[in-house]
Peer 1: 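Below is one structure. I have some questions about it.
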Amino acid sequence: MCGRYTLGRQPNSLLDYFHLHGEVPVYHLSWNITPSQMAPVVLQDTKQGSGAGRVCQLMRWGLVPGWSKGPDPRYNMINAKAETIDQKPAYKNAFSQRRCLIPCDGFYEWHAVPEHELEQKPEMSLALASEPASKKNTKKKNRIAKQPYYIYKNDDSLLALAGIWEQWASPDASQQIDSFSIITTDANPFMQNIHHRMPVILSPDQFDTWLSEQHQASDQLKSLLVPYQGDDLAMHTVSKAVNSPKNDGIELTEAVEA
DNA sequence: CCAGACGTTGTT
DNA sequence: GTCTGG
DNA sequence: CCAGACGTTGTT
DNA sequence: GTCTGG
């Protein structure tokens with residue numbers, strides 16, 4: 001899963017890594033990008049005659065299908081499962097025609113600590129202890145403490161997440177929204193202790209295939225959507241301050257003891 | 001044919 | 001829009 | 001992803 | 001609990 005990420009470097013720093021053609025839009029540097037926010041994505045230039053190239057454009061995180069009545073948080077379309085992306089009605093069209101890359105510095109995952117581990121770490125039970133004893137607390141959901149982790153490249157270089165995007169317009173075209181979804185796959189060995197899913201991370205030699213507007217065989221595209229194979233990721237625990245979408249700042253990414 | 005859905009994650 | 005269910 | 005809100009009526 | 005908002 002990937003439900004929060006960071007992009008705290010200046011727009012110009014995306015030019016080289018993504019071989020961008022044209023300008024990078026101004027975006028808000030953030031170490032706590034949340035679903036529904038606008039963020040830059042990279043896609044193949046669609047303009048005729050200007051030559052092949054990649055452009056960067058701001059889009060809303062959370063896919064809004066073209067046939068929907070508008071953004072609806074009941075449909076949590078911030079991620080798309082790689083395994084079924086070419087089958088699901090809500091994603092298959094975007095997968096075959098509108099693939100993109102999402103630039104990021106790193107992303108957060110929350111590790112659900114099972115109750116039996118809490119007994120050895122009583123300090124993690126504080127929030128639970130204040131809950132009145134009741135039948136409600138038998139719901140497992142209320143018994144889990146979550147520890148946020150930050151995952152990033154160990155040389156602090158950019159990451160490119162695989163994504164798909166959509167265009168939506170209201171019937172009278174007064175409102176238009178370009179939106180994207182981040183593709184997830186199984187966690188690689190590095191991450192599976194904290195989570196069993198992770199975003200698909202593509203390397204620069206895969207960008208052309210992924211972004212190509214030429215028809216690509218579904219199998220060839222899906223072969224890119226696998227757990228990250230590199231051994232150059234790093235991770236550490238961070239403050240629970242990242243939990244609140246209201247908080248932002250580079251300090252959210254700093255290592256803090258669990 | 002028309003109506004209605006269209007999603008992921010984690011948890012047990 | 002496209003697919004599934006009735 | 002997590003945080004935070006969650007409602008209607010009638011009356012002045 | 002469930003839904004919306006960021």
Side-chain angles (χ1 to χ4, degrees), chain A residues 1-7 28 30-39 59-98 102 104 106-118 127-128 131-132 134-151 161-164 166-171 177 179-187 191-200 225 238-249 252-253:
Chain A
M1 182 54 167
C2 181
R4 298 285 180 95
Y5 69 96
T6 70
L7 184 61
H28 182 244
S30 177
W31 295 266
N32 199 3
I33 299 174
T34 67
S36 80
Q37 288 186 345
M38 300 297 285
M59 295 192 190
R60 175 193 171 105
W61 185 12
L63 203 79
V64 181
W67 39 259
S68 73
K69 292 181 179 130
D72 187 341
R74 284 175 295 185
Y75 298 112
N76 183 17
M77 298 170 81
I78 65 174
N79 294 129
K81 283 185 80 165
E83 296 89 331
T84 54
I85 193 170
D86 58 339
Q87 306 293 327
K88 296 292 185 180
Y91 294 139
K92 59 189 294 184
N93 223 25
F95 173 66
S96 67
Q97 296 173 56
R98 290 177 298 280
I102 295 93
C104 82
F107 55 92
Y108 300 100
E109 295 286 1
W110 279 259
H111 178 48
V113 182
E115 189 184 18
H116 66 269
E117 290 180 28
L118 288 180
L128 307 171
E131 294 285 323
S134 74
K135 286 177 184 173
K136 285 181 187 172
N137 287 15
T138 60
K139 292 279 185 183
K140 303 302 179 199
K141 195 175 179 178
N142 294 337
R143 295 172 159 242
I144 303 297
K146 298 248 185 114
Q147 172 63 53
Y149 285 73
Y150 185 54
I151 298 98
L161 307 184
I164 53 177
E166 276 282 5
Q167 277 188 308
W168 175 88
S170 59
I177 299 171
S179 61
F180 69 95
S181 189
I182 294 172
I183 300 169
T184 63
T185 186
D186 284 329
M191 282 199 56
Q192 57 195 11
N193 284 338
I194 62 162
H195 213 71
H196 70 101
R197 304 288 294 174
M198 73 184 295
V200 172
L225 306 181
V238 294
S239 161
K240 288 187 179 67
V242 74
N243 288 7
S244 174
K246 287 187 284 195
N247 295 329
D248 202 355
L252 296 178
T253 68

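Chain A is the first sequence line, chain B the second, and so forth, proteins listed ahead of strands; every chain is numbered from 1. Reckoned from all heavy atoms, side chains included, excluding hydrogens, waters and symmetry mates.
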Peer 1: Output the rounded distance in Å from CG (A:Asp186) to C1' (B:dT8).
Peer 2: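 Going from CG in A:Asp186 over to C1' in B:dT8 covers 14 Å.
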Peer 1: What's the shortest heavy-atom distance between A:Tyr149 and A:His111, and which atoms?
Peer 2: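 Scanning both residues, the minimum pair turns out to be CE1-CB, 3.6 Å.
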Peer 1: Starting from P on D:dG4, measure out to CG on A:Asn243 and report it in whole angstrom.
Peer 2: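 After rounding, the reported distance stands at 10 Å.
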Peer 1: At under 4.0 Å, does any side-chain N or O of A:Lys146 touch on OP1 or OP2 of D:dC2?
Peer 2: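 Affirmative; the distance criterion is met.
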Peer 1: Can you give me the closest heavy-atom contact between A:Arg4 and A:Ser244, atom names plus distance?
Peer 2: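 Reported closest heavy-atom pair: NH1-C, 4.3 Å.
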Peer 1: Quick one: A:Lys88 NZ to B:dT9 P, roughly how many Å, whole number?
Peer 2: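 Answer to the nearest Å: 11 Å.
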Peer 1: What's A:Ser36 touching, base or sugar-phosphate or nothing? Going by heavy atoms closer than 4.0 Å.
Peer 2: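 Here A:Ser36 touches the bases of the nucleic acid.
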Peer 1: Counting N and O atoms only, with roles assigned by atom type, does the side chain of A:Gln147 sit under 3.5 Å from a partner on the main chain of A:Val238, one being a donor and the other an acceptor?
Peer 2: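 Indeed, once roles are kept as given, a pair shorter than 3.5 Å links the two residues.
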Peer 1: Using the side-chain heavy atoms of A:Ser244, tell me which of these nucleotides is nearest: D:dA3, B:dT11, B:dT8.
Peer 2: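 The answer is D:dA3.
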Peer 1: Between D:dA3 and B:dC6, how far apart are the two P atoms, rounded to whole Å?
Peer 2: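 The answer is 28 Å between these two P atoms.
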Peer 1: So, OP1 or OP2 of B:dT9: does either fall under 4.0 Å of a side-chain N or O from A:Thr184?
Peer 2: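 True: A:Thr184 side-chain N/O within range (under 4.0 Å) of B:dT9 OP1/OP2.
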Peer 1: When all nucleic acid strands are considered with a 4.0 Å heavy-atom cut-off, which category describes A:Pro65: base, sugar-phosphate, or nothing?
Peer 2: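 Answer is nothing: A:Pro65 stays at 4.0 Å or more from every strand.
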Peer 1: Output the rounded distance in Å from CD1 (A:Ile78) to P (D:dA3).
Peer 2: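 Whole-Å distance recorded here is 14 Å.
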Peer 1: Taking donor-acceptor contacts at under 3.5 Å, does the side chain of A:Asn79 reach the base of B:dT8?
Peer 2: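 Side chain to base: no pair present.
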Peer 1: Considering only atom P, compute the distance from D:dT8 to E:dT4 and round it to an integer number of Å.
Peer 2: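 That atom pair is separated by 14 Å.
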Peer 1: Starting from P on D:dC2, measure out to CH2 on A:Trp61 and report it in whole angstrom.
Peer 2: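 A:Trp61 atom CH2 is separated from D:dC2 atom P by 11 Å.
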Peer 1: Summarise protein proximity over nucleotides 1-6 of chain C in one line of letters, 5' to 3': B for base, S for sugar-phosphate only, - for none, counting protein heavy atoms closer than 4.0 Å.
Peer 2: B-S---
Peer 1: If the P atom of B:dT9 is compared with that of D:dC2, how far apart are they to the nearest Å?
Peer 2: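 The answer is 13 Å between these two P atoms.
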Peer 1: Report the distance from atom SG of A:Cys2 to atom CD1 of A:Ile183, rounding to the nearest 0.5 Å.
Peer 2: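 Those atoms lie 11.5 Å apart.
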Peer 1: Looking at every non-hydrogen atom in both residues, tell me the closest pair between A:Gly70 and A:Val64 and how far apart they are.
Peer 2: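 Between these two residues, the closest heavy atoms are C-CG1, 3.8 Å.
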Peer 1: Can you figure out which of D:dA3, B:dT9, D:dC1 approaches the side chain of A:Arg197 most closely?
Peer 2: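 Shortest atom-to-atom distance from the side chain points to B:dT9.
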Peer 1: Just how far, in rounded Å, is P of B:dT9 from CD1 of A:Ile182?
Peer 2: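 These atoms are roughly 12 Å apart.
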Peer 1: Using both pair distances under 3.5 Å as the test, note the stems of at least 3 consecutive Watson-Crick or G-U pairs that include DNA chain D.
Peer 2: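 Looking at DNA chain D, the stems formed by three or more consecutive pairs are D:1-6 with E:1-6.
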Peer 1: Report the nucleotide, chosen from B:dT8, B:dT11, B:dG7, that has the shortest atom-to-atom distance to any side-chain atom of A:Thr84.
Peer 2: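 Looking only at heavy atoms from C-beta outward on A:Thr84, the closest nucleotide is B:dT8.
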Peer 1: Return the minimal non-hydrogen interatomic distance between A:Gly106 and A:Tyr5, and the atom names on each side.
Peer 2: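 Looking at all heavy atoms of both residues, the shortest contact is O-CB, 3.3 Å.
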Peer 1: Can you tell me how far apart CZ (A:Arg197) and OG1 (A:Thr185) are? Round to the nearest 0.5 Å.
Peer 2: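 If I round to the nearest 0.5 Å, the distance is 5.5 Å.
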Peer 1: For atom C1', what is the distance between D:dG7 and E:dG6, given to the nearest Å?
Peer 2: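 Between the two C1' atoms, the distance is 23 Å.
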Peer 1: Check every strand shown and say whether A:Tyr108 touches a base, only sugar-phosphate, or nothing at a heavy-atom separation below 4.0 Å.
Peer 2: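 If one applies the 4.0 Å heavy-atom cut-off, A:Tyr108 turns out to touch nothing in the nucleic acid.
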Peer 1: A:Tyr150 and A:Thr6: side-chain donor and acceptor closer than 3.5 Å?
Peer 2: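 Judged by distance alone, the side chains do pair up.
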Peer 1: In whole angstroms, how far is the P atom of D:dC2 from the CZ atom of A:Phe107?
Peer 2: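 Atom CZ in A:Phe107 sits about 15 Å away from atom P in D:dC2.
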Peer 1: Contact class for A:Leu63 vs. all strands (heavy atom < 4.0 Å): base, sugar-phosphate, or nothing?
Peer 2: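 Here A:Leu63 touches no strand at all.
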Peer 1: Closest approach of A:Met191 and A:Ile151, non-hydrogen atoms and distance?
Peer 2: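 In terms of heavy atoms, the two residues are closest at CE-CD1, 4.2 Å.
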Peer 1: Kindly give the heavy-atom pair with the smallest separation between A:Ile164 and A:Ala80, and that separation in Å.
Peer 2: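 Taking A:Ile164 first and A:Ala80 second, the nearest heavy atoms are CD1-CB, 4.4 Å.
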